[in-house]
Engineer: 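Once you've had a glance at the structure underneath, I'll fire off some questions.
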Amino acid sequence: MSSPFDTINPEVYKAYVFWSAVLVAKMLLMAPLTAIQRFKNKAFANPEDSSAVSKKLKPKLDDPDVERVRRAHLNDMENILPFFVIGFLYLLTNPAPFLAVNLFRMVAISRILHTIVYAVVVVPQPARFFAFVGAMAPVGYMTLQTILYFMR
């Protein structure tokens with residue numbers, strides 16, 4: 001009996017690992033981006049952080065710039081983490097290499113653009129919507145294809 005891992009195309013696997021690593025790096029950069037906004041706006045969440053900068057500062061949990069970056073980070077967790085799972089399961093369906101590589105690429109680039117237009121250089125809608133859909137559509141497609149493949 002053969003393993004489903006035997007059918008994984010090395011080129012597709014390499015693309016999945018590469019773009020997943022890019023997305024991990026992107027998510028890791030959200031913490032420093034949050035910290036930059038906290039220092040810029042003196043909006044620290046904890047008393048010990050506030051007092052380290054100035055004894056007069058009080059914790060501030062509602063700074064709009066900090067909260068925008070935090071929402072972008074939360075949106076990443078809600079969308080990138082499912083990509084890691086479904087992208088790997090999609091590998092097991094033996095997808096066409098050109099399609100799979102470009103789906104992975106599209107998810108990663110769209111998620112990066114989403115952060116840029118949402119938290120770095122705020123761009124009016126529909127920019128964020130298009131960036132969101134640019135990642136959600138491929139993930140939805142991979143999900144459907146994986147369900148259909150393993151339903152047989």
Side-chain angles (χ1 to χ4, degrees), residues 8-54 57-149:
I8 294 176
N9 179 310
E11 176 191 352
V12 176
Y13 179 73
K14 183 179 175 183
Y16 168 75
V17 171
F18 173 80
W19 289 108
S20 292
V22 167
L23 287 172
V24 168
K26 182 245 167 296
M27 287 179 72
L28 289 173
L29 288 173
M30 295 305 289
L33 185 58
T34 304
I36 288 167
Q37 291 300 323
R38 287 194 184 284
F39 277 96
K40 184 175 98 176
N41 299 316
K42 294 185 174 63
F44 302 99
N46 301 301
E48 63 273 15
D49 299 337
S50 303
S51 65
V53 174
S54 169
L57 281 179
K58 300 285 184 226
K60 185 176 180 185
L61 302 174
D62 61 351
D63 183 82
D65 295 332
V66 173
E67 289 308 306
R68 179 174 285 276
V69 175
R70 287 171 36 86
R71 286 191 307 272
H73 196 178
L74 177 61
N75 193 278
D76 280 348
M77 290 187 283
E78 293 169 348
N79 292 279
I80 292 173
L81 297 178
F83 163 74
F84 293 152
V85 174
I86 201 60
F88 182 77
L89 297 176
Y90 181 65
L91 288 173
L92 302 176
T93 69
N94 196 22
F98 178 81
L99 177 62
V101 168
N102 283 300
L103 288 170
F104 300 153
R105 184 179 290 140
M106 189 172 171
V107 170
I109 291 169
S110 292
R111 289 309 309 171
I112 292 165
L113 286 173
H114 182 270
T115 296
I116 291 169
V117 301
Y118 190 20
V120 179
V121 180
V122 180
V123 177
Q125 288 286 24
R128 190 172 83 232
F129 171 77
F130 288 135
F132 176 81
V133 171
M136 185 58 75
V139 170
Y141 174 81
M142 288 185 284
T143 301
L144 181 62
Q145 290 303 309
T146 302
I147 289 169
L148 293 173
Y149 181 88

Engineer: Take Val101 and Lys14, measure what side chain to side chain contact (heavy atoms under 4.5 Å, CB included) needs, and give me the verdict at the end.
Structural biologist: CA-CA 9 Å; Val101 168; Lys14 183 179 175 183; over 6 Å; no
Engineer: State whether the side chain of Asn102 and the backbone N or O of Phe98 hold a donor-acceptor pair below 3.5 Å, judged by distance alone.
Structural biologist: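 Yes.
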Engineer: Please round to the nearest 0.5 Å and tell me the distance separating atom NZ of Lys42 and atom CG of Asp63.
Structural biologist: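 Taking NZ in Lys42 and CG in Asp63, the distance rounds to 11.5 Å.
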Engineer: Going by the ring pair (Phe, Tyr, Trp, His ring centres under 6.0 Å) test, name the single residue among Tyr16, Trp19, Phe18, Tyr141 that passes it with Phe104.
Structural biologist: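 Result: among Tyr16, Trp19, Phe18, Tyr141, Tyr16 is the only option passing the ring pair (Phe, Tyr, Trp, His ring centres under 6.0 Å) with Phe104.
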Engineer: Do Arg70 and Glu67 meet the salt-bridge criterion of a basic N to acidic O distance under 4.0 Å?
Structural biologist: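 Salt bridge between Glu67 and Arg70, a charged N being under 4.0 Å from a carboxylate O: yes.
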Engineer: Could you tell me whether Phe129 atom CZ has more than 12 heavy atoms of other residues or ligands within 6.0 Å of it?
Structural biologist: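 Open: at most 12 neighbouring heavy atoms sit under 6.0 Å from CZ of Phe129.
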Engineer: With Thr115 as reference, evaluate His73, Arg128, Lys26 under the side chain to side chain donor-acceptor pair (under 3.5 Å) test and give the passing residue.
Structural biologist: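 Result for side chain to side chain donor-acceptor pair (under 3.5 Å) with Thr115: Lys26.
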Engineer: Closest approach of Pro138 and Ala135, non-hydrogen atoms and distance?
Structural biologist: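 That closest heavy-atom pairing would be CD-O, 3.2 Å.
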Engineer: As a quick check of understanding, evaluate side chain to side chain contact (heavy atoms under 4.5 Å, CB included) for Val12 and Leu91, giving each step before the final call.
Structural biologist: CA-CA 7 Å; Val12 176; Leu91 288 173; 3.2 Å; yes
Engineer: Within the 4.5 Å heavy-atom criterion, are Leu23 and Met27 side-chain neighbours or not?
Structural biologist: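 No, every pair of side-chain atoms sits at 4.5 Å or beyond.
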Engineer: Would you call Asn75 and Arg111 a side-chain contact if the rule is heavy atoms closer than 4.5 Å?
Structural biologist: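 Asn75 reaches Arg111 side chain to side chain.
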Engineer: Once you round to the nearest 0.5 Å, how far does CD of Glu78 lie from CZ of Arg71?
Structural biologist: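 Here the rounded value is 12.0 Å.
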Engineer: Of all the heavy-atom pairs spanning Met77 and Pro82, show the shortest one and how long it is.
Structural biologist: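 Closest heavy-atom pair between Met77 and Pro82: O-CD, 3.8 Å.
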Engineer: Assess whether side chain to side chain contact (heavy atoms under 4.5 Å, CB included) is satisfied between Ile8 and Leu92, documenting all intermediate values.
Structural biologist: CA-CA 6 Å; Ile8 294 176; Leu92 302 176; 3.7 Å; yes
Engineer: Are any of the side-chain heavy atoms of Tyr13 and Val17 separated by less than 4.5 Å?
Structural biologist: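 SC-SC contact between Tyr13 and Val17 confirmed.
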Engineer: Rounded to the nearest 0.5 Å, how far does CG of Asn41 lie from CG of Asp65?
Structural biologist: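 Rounded to the nearest 0.5 Å, the CG-CG separation comes to 4.5 Å.
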Engineer: Determine the minimum heavy-atom distance between Pro95 and Ala100, stating which atoms define it.
Structural biologist: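 Closest approach of Pro95 to Ala100: CG-CB, 3.7 Å.
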Engineer: Shortest non-hydrogen contact from Gly87 to Met142?
Structural biologist: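 Shortest heavy-atom separation between Gly87 and Met142 comes out as CA-SD, 4.3 Å.
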Engineer: Between Leu103 and Tyr90, is any pair of side-chain heavy atoms under 4.5 Å apart?
Structural biologist: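 Result yes, sub-4.5 Å side-chain heavy-atom pair found.
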Engineer: Locate the shortest heavy-atom distance separating Arg68 from Tyr118; write the atom from each residue and the value.
Structural biologist: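 Between these two residues, the closest heavy atoms are CD-O, 2.9 Å.
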Engineer: Can Val139 and Val107 be said to form a side chain to side chain contact (heavy atoms under 4.5 Å, CB included), step by step?
Structural biologist: CA-CA 7 Å; Val139 170; Val107 170; 3.9 Å; yes
Engineer: Identify the two heavy atoms, one from Ala72 and one from Ala119, that lie closest to each other, and give their separation to 0.1 Å.
Structural biologist: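 Distance-wise, the nearest heavy atoms are CB-CB, 3.8 Å.
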Engineer: Do Gln37 and Val69 have side chains that approach each other closer than 4.5 Å (heavy atoms only, starting at C-beta)?
Structural biologist: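 The answer is yes, as the side chains (C-beta and beyond) meet within the 4.5 Å cut-off.
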Engineer: Any chance you could measure Ile86, atom CD1, to Leu81, atom CG, to the nearest 0.5 Å?
Structural biologist: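 Here the interatomic distance stands at 13.5 Å.
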Engineer: Can you find a pair of side-chain heavy atoms, one from Val24 and one from Phe84, that are under 4.5 Å apart?
Structural biologist: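 A side-chain contact exists here, since the closest heavy-atom pair is under 4.5 Å.
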